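Owing to the predicted nature of the structure, the values given are computational and were not obtained by experimental measurement. Residue indices begin at 1 and follow the sequence shown.
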Amino acid sequence: MAHERGEDIDESLDARIAWLEAFEELKRLKARYFRYVDTHDWTGLRALFTDDCEFGGDNLREVTGPDDFVNRVQAWILPGTSVHRGADPVLTIRSRGTASGVWPMYDRVEIERPGGSRGWEGYGYYHETYRRGADDMWRIAAWRLERLNVWPLR
């Protein structure tokens, strides 16, 4: 499991425990993201983003915010099934309330579309920044998908 700590490292036991807790909380945040997409829990998915979250990457140049993003995800994968996986993140805890991460990812979406398309399978990287809210919960503040390869299912 890769991880990084900011430049001004406080090596006290309390600081190290807080860093480990933040690291685990961010991993659970991303695990919820994958589960909510695959189980079509759109309310849960929306709650993972800050209201001012910025989106980028494949097919997302014109996304206007988290509500638009969730609507687009629904349109891409419904009524199909999907599996999304991410592992071995490189997470940088920048402060008590800010962090960033890069997640290797794999996804497979199976859906019947007009013209014979059955979906896709691909891999790449999620690049994200995180911010802790007033409720002390981490949320995704910026999200970008960098796909390295996508194969249509036939």
Side-chain angles (χ1 to χ4, degrees), residues 1-6 18-94 97-133 135-154:
M1 175 177 347
H3 58 275
E4 297 179 6
R5 292 168 65 171
W19 183 88
L20 288 169
E21 288 173 340
F23 192 86
E24 287 301 314
E25 290 167 5
L26 290 168
K27 289 187 344 186
R28 286 193 303 271
L29 170 67
K30 194 63 178 178
R32 287 192 306 274
Y33 169 88
F34 294 131
R35 185 176 72 244
Y36 294 161
V37 170
D38 293 340
T39 62
H40 307 163
D41 181 347
W42 310 122
T43 301
L45 181 63
R46 171 57 182 90
L48 301 180
F49 300 100
T50 61
D51 289 338
D52 62 347
C53 186
E54 296 178 1
F55 296 88
D58 297 348
N59 301 319
L60 295 169
R61 289 184 180 87
E62 298 174 14
V63 170
T64 59
D67 295 322
D68 187 24
F69 174 78
V70 170
N71 290 335
R72 288 180 189 226
V73 171
Q74 288 180 55
W76 287 328
I77 67 174
L78 287 181
T81 58
S82 64
V83 62
H84 289 77
R85 295 291 177 257
D88 302 320
V90 175
L91 298 172
T92 302
I93 312 301
R94 302 195 181 285
T98 61
S100 62
V102 178
W103 291 81
M105 63 78 69
Y106 162 84
D107 67 351
R108 180 180 175 100
V109 176
E110 296 180 6
I111 183 169
E112 293 293 330
R113 294 276 192 220
S117 171
R118 290 188 39 237
W120 67 89
E121 185 173 26
Y123 62 86
Y125 292 93
Y126 290 106
H127 299 265
E128 298 174 335
T129 61
Y130 310 97
R131 194 166 59 233
R132 194 184 295 267
D135 60 359
D136 210 35
M137 299 294 295
W138 287 100
R139 289 189 177 76
I140 301 168
W143 181 102
R144 182 173 59 85
L145 176 57
E146 172 192 14
R147 287 197 176 273
L148 301 179
N149 228 326
V150 178
W151 299 277
L153 301 178
R154 301 188 195 287

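Remark: E121 engages Y106, R108 in a side chain to side chain donor-acceptor pair (under 3.5 Å) (not counting sequence neighbours). Scanning for side chain to side chain donor-acceptor pair (under 3.5 Å) contacts around D135 gives R139, with sequence neighbours left out. Residues satisfying the side chain to side chain donor-acceptor pair (under 3.5 Å) test with H40, not counting sequence neighbours, are none. With sequence neighbours excluded, the residues that form a side chain to side chain donor-acceptor pair (under 3.5 Å) with R147 are D58, D107. For E25, the salt bridge (Lys or Arg N to Asp or Glu O under 4.0 Å) test picks out R132, with sequence neighbours left out. Evaluation of the salt bridge (Lys or Arg N to Asp or Glu O under 4.0 Å) rule for R46 yields D51, D67 as partners, not counting sequence neighbours.
Side-chain contact check for T98 versus T129: every heavy-atom pair is 4.5 Å or farther apart. Residues V109 and W76 form no side-chain contact, since every pair of their non-hydrogen atoms from C-beta on lies 4.5 Å or further apart. Side-chain atoms of W143 and Y33, non-hydrogen and from C-beta on, do get closer than 4.5 Å to each other. Looking at heavy atoms from C-beta onward, R72 lies in side-chain contact with E62 at the 4.5 angstrom threshold.
Of the inter-residue distances, the one linking T39 atom OG1 with L45 atom CG reads 9.0 Å to the nearest 0.5 angstrom. Of the inter-residue distances, the one linking M105 atom CE with L148 atom CG reads 9.5 Å to the nearest 0.5 angstrom. Rounding to the nearest 0.5 Å places NE2 of H127 at 8.5 Å from CG of L145. Interatomic distance, W19 CH2 to E24 CD, rounded to the nearest 0.5 Å: 9.0 Å.
Within a 6.0 Å radius of CZ in F49, more than 12 heavy atoms belonging to other residues, nucleotides or ligands are found.
Nearest heavy-atom pair across A142 and C53 is N-SG, 3.7 Å. Of all heavy-atom pairs spanning V63 and D68, the tightest one is CA-OD2, 3.3 Å. Looking at every heavy atom in both residues, P104 comes nearest to A87 through CD-O, 3.0 Å. Contact detail for L78 and I111: the closest heavy-atom pair is O-CD1, 2.9 Å. Here the shortest heavy-atom pairing between L91 and G101 reads CD2-CA, 3.7 Å. When all heavy atoms of W42 and V73 are compared, the pair lying nearest together is CZ3-CG1, 3.7 Å.
The aromatic rings of F55 and F69 lie parallel to each other, with less than 30° between the two planes, well short of the 60° mark. Using the six-membered ring where Trp is involved, H84 and F34 have ring planes that are parallel, under 30° apart on the 30 and 60° scheme.
With no hydrogens or angles considered, a side-chain donor-acceptor pair links T50 and D52 at under 3.5 Å.
Of the candidates Y125, Y130, Y126, E128 forms a side-chain hydrogen bond (donor to acceptor under 3.5 Å, both in side chains) with just one, namely Y130.
For the pair R118 (side chain) and E110 (backbone), a donor-acceptor distance under 3.5 Å is absent.
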